[in-house]
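What follows is a set of notes on a single structure, which appears directly below.
Since we're looking at a predicted model, the values are computed, not measured.
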Amino acid sequence: MIALLATLAFLTPASAQNVPTFEAFSQDPAITDADISPNGRWLAVVQRASVDGERFLRIYDAKNLSKGHLRTLGGRNIEVSGVTWANNDTLVVNFIQQVNDGPNTFQIGKVATINRTSGGFNEIPKIQFDRKTLGSDAELLQQQAGASVISNLPHDPEHIIISYTADFTRGSGGFRPVRYVGKVNLKSGRVVPTFRGDTRYGGYRVDQDGNVRLAGTTDPATGDAVSVARASGSEEWIEIGRSGAGTSSTSQQFAVLGFSSVDDPNELLVVSNHESDTSGIYTFDIPSRRYKELLFRHPRYDAGSVRFVRDPKNLKQTYITGFTYTGRGGEVVWIDDFEKQFHEQLKQVLTDRVSSVWSQSRDGNVRVIQATGEKYPRAFYLYTPDDGIQLIGESMPQLRPEQLAERKYIRYKARDGYEIPAYVTIPNGTPPFPTVNMPHGGPTARDTGGFDLWAQVLASRGYAVIQPQFRVSTGFGREHLEAGFSEWGKLQQDDIDDAMKFMVDAGIADEDRLAIFGWSYGGYASAMGIMRDNHPYKCAIPSAGVYDLPRFRAWLFQGGGGSLARRYRDTVEGLNPLDYVSKVDVPVLIIHGTNDERVPIIHSDLLNSALKREGKDVEYLKLKDANHFFGTIFYRHWMEMFPTMVRFLDEDCGLKP
């Protein structure tokens with residue numbers, strides 16, 4: 001079924017070296033999206049031409065990739081972020097536009113259509129708010145006026161459905177933008193509003209016919225994420241489920257995957273753990289608010305989503321081909337024989353990688369494949385029955401697999417005997433190695449399998465890395481999650497520190513050369529790790545972390561951090577790092593972005609000042625204009641961060657391999 005063709009890369013990989021450069025790790029992704037046209041003939045690719053350049057769109061002939069691109073689209077202050085073919089001649093492009101408004105500079109997410117042959121560019125909708133009428137509110141509205149596509153209407157190649165801001169309300173809650181849903185004619189660009197949003201809700205979703213049927217909100221009293229729906233033919237919103245934390249919610253986890261079938265317009269596919277420790281995938285009836293059938297559940301891990309194919313004879317209908325779950329990463333339980341065989345043969349070509357179908361033609365014969373692995377950063381491939389697999393492009397083309405380290409999924413026992421999952425990255429060489437403990441952010445989050453940037457940077461410099469999935473990590477069932485609630489610096493920290501005992505006992509780590517580094521919650525854990533009695537660490541790199549817990553809790557209860565943070569705000573309880581700075585007895589490197597909106601930089605300012613007052617050995621790196629998340633931290637930031645971290649570990653901590 002699948003053959004391997006000589007690979008083609010748009011950016012030529014650098015020649016292999018024993019140790020990758022920091023530049024190779026720091027580059028912004030060279031390719032971020034690829035989509036095949038419905039007829040399987042045209043390939044649209046979002047890529048960069050340099051390590052820190054803007055993203056642009058290129059169109060290729062899928063029958064002759066070696067011919068090169070046919071058209072390049074993009075412009076000054078316009079960065080393409082994603083692309084989808086609406087039909088064989090029209091592309092729907094998501095882009096980010098930088099707006100310079102006097103002393104203010106901000107970015108707006110927008111949508112446009114582009115004609116494949118003429119290159120005609122049509123922004124939709126084109127809304128400009130009048131400053132004379134609205135005053136200072138005009139700028140706020142303009143910043144939030146971005147549009148997003150919520151349905152490509154596969155059965156209707158002439159239209160798409162978008163969500164956009166076109167109005168606002170004022171009340172006791174202050175200024176609030178109003179989202180609309182509209183149907184767009186792809187030829188004319190005309191938008192016909194079909195739905196005016198209720199300011200109570202957001203995240204509107206439509207059914208197979210384009211009718212607004214799903215939305216969400218946050219319960220201000222509990223922080224729960226609430227899912228609402230409308231029965232077919234009804235305009236009344238009803239609550240169908242909620243995700244909460246430590247509340248009396250119907251279900252700890254509830255998420256809508258989409259509509260199940262055109263035969264029953266009121267049947268949904270949902271993920272829920274209302275009757276078990278791990279979440280499962282169910283069919284769900286909107287009017288009765290009842291679960292109908294359990295389709296899939298894993299005994300150890302939470303269910304993720306469904307894989308499906310669209311019926312080429314009835315484009316409104318989809319069929320489930322498999323189920324995913326949050327295990328090591330990338331696992332799929334296939335229930336469709338063809339898809340199972342296809343992916344098994346794909347593994348024989350793309351060895352040591354997890355692959356998925358990113359895009360495909362209407363008939364399913366031409367496919368864009370996304371693949372990643374421990375030694376393989378994200379890459380895109382084109383599959384055709386005639387030519388097999390061709391490489392479209394790699395996100396980090398200067399990194400070669402032989403330069404990178406093995407990353408394994410293991411379990412270790414915490415001090416109370418409980419098993420903790422973890423990822424271990426082992427550098428080339430002979431153990432024991434200097435080792436970095438790298439707890440993830442969140443903390444209601446988790447690490448996943450595949451390529452890990454920070455772990456590979458450290459391993460390339462001779463450091464082993466362990467990433468513990470301590471209690472409160474998501475994906476491992478409700479018991480594992482809830483056991484860590486309100487245990488900041490306590491049970492959570494026990495699990496994290498016990499990872500180092502495992503590494504030493506396994507002969508991987510040198511017990512005299514141990515460090516801890518983390519970002520966000522991982523920054524908090526890195527600070528607390530060196531504030532405990534008899535800790536094992538020779539130094540710490542707390543980054544973008546919470547160090548004033550009362551301040552952070554107050555911010556969460558005032559509505560900060562978005563719906564996910566508010567949902568778990570009642571679980572944010574434990575030890576406050578600023579109360580324990582006198583216990584620090586090792587060098588500390590603090591890192592934080594100056595524009596961090598999730599954890600304001602005041603936290604690192606306070607920690608730095610407190611350590612200095614106590615006469616501790618502290619260094620402080622501020623990443624100018626960096627925010628909190630991947631995608632807001634760029635090449636220039638990594639090029640500051642990576643060399644500083646390695647120099648600190650090698651020299652200031654004395655851990656050099």
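- Side chain of Ser26 to backbone of Phe22: a donor-acceptor contact under 3.5 angstrom is found.
- For residues 304-322, the set of pairs meeting the salt bridge (charged side-chain N to carboxylate O under 4.0 Å, His left out) definition, not counting sequence neighbours, comprises Asp209-Lys316.
- With a 4.5 Å cut-off on side-chain heavy atoms, Lys375 and Phe451 do not count as touching.
- Scored by the ring-ring contact (aromatic ring centres under 6.0 Å, His included) test, Phe433 finds no partners at all (sequence neighbours excluded).
- Side-chain contact annotation: Asp89 with Asn87, donor-acceptor N/O pair under 3.5 Å absent.
- Using modelled atom types and a 3.5 Å distance limit, the side chains of Glu267 and Ser260 yield a donor-acceptor pair.
- Using a distance-only test at 3.5 Å, with no hydrogens or angles considered, a donor-acceptor pair links the side chain of Asp28 to the main chain of Tyr635.
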(Q) Before you tell me yes or no, could you show the steps for Glu23 and Met639 under side-chain contact (heavy atoms from CB on, under 4.5 Å), namely the whole-Å CA-CA distance, both residues' side-chain angles and the distance that decides it to 0.1 Å? (A) CA-CA 7 Å; Glu23 288 85 351; Met639 284 299 294; 3.6 Å; yes
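- No donor-acceptor pair under 3.5 Å is formed between the side chain of Thr372 and the backbone N or O of Gly450.
- Around CZ of Phe308, the count of heavy atoms belonging to other residues, nucleotides or ligands within 6.0 Å does not exceed 12.
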Worksheet entry | Test side-chain hydrogen bond (donor to acceptor under 3.5 Å, both in side chains) applied to Gln403 and Asn18, step by step | CA-CA 6 Å; Gln403 300 174 304; Asn18 290 332; over 6 Å; no
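- Residues Ser279 and Gln253 have side chains that bring a donor and an acceptor to within less than 3.5 angstrom of each other.
- Under a 3.5 Å cut-off, the side chain of Glu640 and the backbone N or O of Leu623 do not form any donor-acceptor pair.
- Rounded to the nearest 0.5 Å, atoms CD1 (Ile426) and CZ (Arg407) are 12.0 Å apart.
- Of the candidates Arg378, Arg400, Arg353, Arg48, Arg400 is the only one forming a salt bridge (charged side-chain N to carboxylate O under 4.0 Å, His left out) with Glu394.
- For the pair Asn88 (side chain) and Asn39 (backbone), a donor-acceptor distance under 3.5 Å is present.
- Remark: His298 engages Tyr301, Tyr325 in a ring-ring contact (aromatic ring centres under 6.0 Å, His included) (not counting sequence neighbours).
- If you check the side chains of Ser473 and His480, you find no donor sitting under 3.5 Å from an acceptor.
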For this session: Show your working on side-chain hydrogen bond (donor to acceptor under 3.5 Å, both in side chains) between Thr384 and Asp386 and close with a plain yes or no.
Result: CA-CA 5 Å; Thr384 63; Asp386 294 335; 6.0 Å; no
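- At a cut-off of 3.5 Å, with distance as the only test, no side-chain donor of Gln47 or Arg55 sits close to an acceptor on the other residue.
- With Thr283 contributing its side chain and Glu293 its backbone, the two residues share a donor-acceptor pair below 3.5 Å.
- Side chains of Arg58 and Tyr60 form a contact here, defined as non-hydrogen atoms less than 4.5 Å apart.
- Looking only at side-chain heavy atoms (C-beta outward), Thr425 and Tyr463 stay at 4.5 Å or farther from each other.
- Using modelled atom types, no side-chain atom of Arg636 and backbone atom of Ile633 make a donor-acceptor pair closer than 3.5 Å.
- Counting heavy atoms from C-beta on, the side chains of Gln398 and Val51 come closer than 4.5 Å.
- Shortest non-hydrogen contact noted between Asn365 and Pro385 is O-CD, 3.3 Å.
- Judged purely by distance below 3.5 Å, without hydrogens or angles, the side chains of Ser66 and Asn64 pair a donor atom with an acceptor atom.
- In this structure, a donor-acceptor pair under 3.5 Å is present between the side chains of Asp35 and Ser359.
- Ring geometry, Tyr409 versus Tyr423: the interplanar angle falls from 30° to 60°, so the pair is classed tilted.
- The closest donor-acceptor contact from the side chain of Asn273 to the backbone of Ser276 lies at 3.5 Å or more, if one exists at all.
- Here the two rings, on Phe56 and Phe95, have centers that are 6.0 Å apart or farther.
- More than 12 heavy-atom neighbours from other residues, nucleotides or ligands sit within 6.0 angstrom of CG on Asp363.
- Of the N and O atoms on the side chains of Asp52 and Gln27, not one donor lies less than 3.5 Å from an acceptor on the other residue.
- Arg300 places no side-chain N or O within 3.5 Å of a backbone atom of Phe476 that could act as its donor or acceptor partner.
- A donor atom on one side chain and an acceptor atom on the other are found under 3.5 Å apart for Asp447 and Gln469.
- A donor and an acceptor atom, one from each side chain of Trp358 and Asp33, are located under 3.5 Å apart.
- Screening Ile31, Asn94, Val83 for a side chain to side chain contact (heavy atoms under 4.5 Å, CB included) with Val46, the sole residue that qualifies is Val83.
- Atom CD in Glu158 sits 7.0 Å away from atom CG in Asn185 (nearest 0.5 Å).
- With salt bridges taken as basic N to acidic carboxylate O contacts below 4.0 Å, one links Asp207 and Arg213.
- Ring to ring, Trp454 and Phe517 are close: their centroids are under 6.0 angstrom apart.
- Side-chain atoms of His343 and Ser355 include no donor-acceptor pair closer than 3.5 Å.
- Side-chain contact of Thr474 with Thr444: a donor-acceptor pair under 3.5 Å is absent, judged by distance alone.
- Between the side chain of Thr326 and the main chain of Gly475, a donor-acceptor pair closer than 3.5 Å is present.
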(Q) Let's go through Ile161 and Val181 carefully: what are the C-alpha distance in whole Å and the side-chain angles of both, what is the deciding distance for side-chain contact (heavy atoms from CB on, under 4.5 Å) to 0.1 Å, and is it a yes or a no? (A) CA-CA 7 Å; Ile161 304 291; Val181 173; 3.5 Å; yes
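- Ring centroids of Tyr282 and Phe296 are separated by 6.0 Å or more, keeping the two rings apart.
- Using a 4.5 Å heavy-atom cutoff, the side chains of Pro443 and Phe470 are in contact.
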